[in-house]
Undergrad: 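Let me give you the structure first, and then I'll get to my questions.
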Amino acid sequence: MLGLNRRGKIIRLDLSGGLTLFFHLKMTGQLLFCRRDAPRDKHTHFVVSFENTPKELRFRDVRKFGFILLLKTREAERAAEIRNLGPEPLGLDFPSFLGILQSRRGRVKSLLLNQGFIAGIGNIYADEILFEAGIHPATDVFLLRLKDREKLWKAIPLILARAIKNRGTSIRDFRDGDGLEGGFQDFLCVYGRESLACPRCGAAIKRLRIGGRSSFFCPRCQRRSS
DNA sequence: CAGATCACCTGCTTGC
DNA sequence: TGCAAGCAGGTGATCT
């Protein structure tokens, strides 16, 4: 094993021998690093063994939406799974953000989920980001004023850094490499909180379906267009 | 071309 | 208790 890193939602494992593995966890995938002698359950579909350690890396996925790709390391950079991704959300400067926002159309919630726009934002964090920015999820990107674009730009790394600090969001299946739950579910402001009180203003959180995904928002803190 | 719908697959929760 | 319906963190295909 030569290196482990990430690009967007793709987890990349570089192996000796010039080979690289890509993992995508999709909805219920898990990568667990545990002892070889620990029992494997029926949802464990793939295992990587290592020299010099009694532990192994297991890919577990109840719904089987996830995928694993084996490719030559020298071809990994140009693989479509990586090449088609937008920039990383952490460390994206404001001019660059304005640049990639330019000429985009459609609802802002859908754009945040578009991995070709920015890589790595999923449904939970998109909703939390829009709440933080005070933007209604169905707003057409085209209509966002400069001030809103700036709020959005600031909210993205803020929410993601906070979620990372709390080691992710374990509503159901998410576990870290040690099989431990994250803690960010305790800090969610809108996601999964339909009809509960907005932590900021007390109004009842609403749910909309946008692009086939549930979208939670506060009807008072996140007004349409304006 | 934005948006809706469906498909992939399994399991959990809710309501009758 | 049983059973059907609805829901789920992602994303790509297809149709309007």
Side-chain angles (χ1 to χ4, degrees), chain A residues 6-12 22-32 40-46 58-69 79-86 88-89 100-132 136-144 156 159-160 162-164 166-177 179-196 205-217 224-225:
Chain A
R6 175 199 64 77
R7 175 75 174 89
K9 296 176 185 174
I10 299 279
I11 295 165
R12 173 178 167 166
F22 281 177
F23 297 89
H24 194 307
L25 306 182
K26 293 284 182 86
M27 306 276 269
T28 55
Q30 298 174 338
L31 275 176
L32 302 167
R40 290 179 193 169
D41 82 329
K42 65 170 179 173
H43 300 299
T44 300
H45 307 296
F46 184 84
R58 299 178 184 178
F59 179 79
R60 189 175 172 268
D61 188 1
V62 170
R63 292 176 73 180
K64 296 189 268 194
F65 289 169
F67 64 78
I68 305 166
L69 218 56
E81 289 75 15
I82 297 279
R83 195 169 20 96
N84 298 333
L85 295 175
E88 287 292 318
I100 59 173
L101 207 54
Q102 195 76 14
S103 80
R104 293 284 186 165
R105 298 301 307 258
R107 293 167 297 187
V108 63
K109 169 68 185 287
S110 297
L111 186 64
L112 287 177
L113 294 179
N114 181 345
Q115 303 298 298
F117 170 59
I118 289 174
I121 300 173
N123 204 34
I124 296 174
Y125 302 134
D127 281 0
E128 295 299 311
I129 286 164
L130 289 171
F131 173 76
E132 174 67 30
H136 191 291
T139 307
D140 193 317
V141 177
F142 189 69
L143 297 175
L144 289 177
I156 290 169
I159 294 298
L160 294 179
R162 200 178 281 167
I164 290 166
N166 287 280
R167 301 168 18 264
T169 309
S170 295
I171 293 171
R172 286 184 192 78
D173 305 288
F174 172 73
R175 295 294 181 277
D176 70 10
L180 300 175
E181 294 186 5
F184 196 64
Q185 62 279 4
D186 297 337
F187 299 95
L188 296 176
C189 292
V190 287
Y191 183 85
R193 296 177 43 81
E194 184 178 21
S195 79
L196 297 178
I205 300 300
K206 293 204 163 190
R207 158 153 51 175
L208 266 184
R209 196 156 283 273
I210 295 177
R213 317 298 303 281
S214 274
S215 299
F216 301 89
F217 67 102
R224 286 205 68 154
S225 65

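Everything numeric here is computed off the predicted structure, so don't read it as measured data. Below, read A as the first sequence line, B as the second, and so on, with proteins coming before strands; counting in each chain starts at 1.
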Undergrad: Going 5' to 3' through nucleotides 7-16 of chain C, assign each nucleotide B (protein heavy atom under 4.0 Å from a base atom), S (under 4.0 Å only from sugar-phosphate atoms) or - (no protein heavy atom that close).
TA: SBBBB-----
Undergrad: Is it true that A:Arg7 and A:Glu81 make a salt bridge, defined as a side-chain N closer than 4.0 Å to a carboxylate O?
TA: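 Result for this pair is no, no salt bridge flagged.
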Undergrad: Which heavy-atom pair separates A:Ala119 from A:Gly86 by the least distance, and what is that distance?
TA: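 Scanning both residues completely, I find the closest heavy atoms to be CB-O, 3.5 Å.
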Undergrad: Should we count CZ of A:Phe46 as having more than 12 external heavy atoms under 6.0 Å?
TA: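 Correct, the count exceeds 12.
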Undergrad: For nucleotides C:dG6 and B:dT5, find the distance between their P atoms and express it as a whole number of Å.
TA: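 Going atom to atom, P in each nucleotide, I get 14 Å.
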Undergrad: By nearest nucleotide on DNA chain B, pick out whichever of A:Lys42 and A:Ile210 is the more 5' one.
TA: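 The 5'-side residue here is A:Ile210.
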Undergrad: Could you check whether A:Arg60 pairs with A:Asp41 (Lys NZ or Arg NE/NH1/NH2 to Asp/Glu carboxylate O, under 4.0 Å)?
TA: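 Yes, this pair counts.
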Undergrad: Which heavy atom of A:Ala138 sits nearest to which heavy atom of A:Leu208, and what is that distance?
TA: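 Here A:Ala138 and A:Leu208 meet closest at CB-CD1, 4.5 Å.
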Undergrad: With rounding to the nearest 0.5 Å, note down the distance linking NE2 in A:His45 to CZ in A:Arg58.
TA: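 Nearest 0.5 Å value for the NE2-CZ distance: 13.0 Å.
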Undergrad: When you list every nucleotide of DNA chain B with an atom under 4.0 Å from a heavy atom of chain A, which one comes first 5' to 3', and which comes last?
TA: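 Span of nucleotides near chain A: B:dA2 to B:dG11.
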Undergrad: For the NZ atom on A:Lys26, are there more than 12 heavy atoms of other groups (residues, nucleotides or ligands in this structure) within a distance under 6.0 Å?
TA: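 Yes, enclosed.
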Undergrad: Using the C1' atom as the point on both nucleotides, what is the distance between B:dA2 and C:dG9, in whole Å?
TA: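 Their C1' atoms lie roughly 24 Å apart.
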Undergrad: Salt-bridge test for A:Glu181 and A:Arg175: reply yes if a basic N is under 4.0 Å from a carboxylate O, no otherwise.
TA: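 Looking at A:Glu181 and A:Arg175, the cut-off is met.
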Undergrad: What dot-bracket string describes DNA chain B from 5' to 3', counting Watson-Crick and G-U wobble pairs whose defining distances are under 3.5 Å, with [ ] for crossing pairs and | for pairs to another strand?
TA: .|||||||.|||||||
Undergrad: Any idea which heavy atoms bring A:Ser214 and A:Asp127 closest together, and the distance?
TA: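 Taking A:Ser214 first and A:Asp127 second, the nearest heavy atoms are O-OD2, 3.8 Å.
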Undergrad: Please determine whether a side-chain nitrogen of the Lys or Arg among A:Asp173 and A:Arg63 lies less than 4.0 Å from a carboxylate oxygen of the Asp or Glu.
TA: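 Salt bridge: no.
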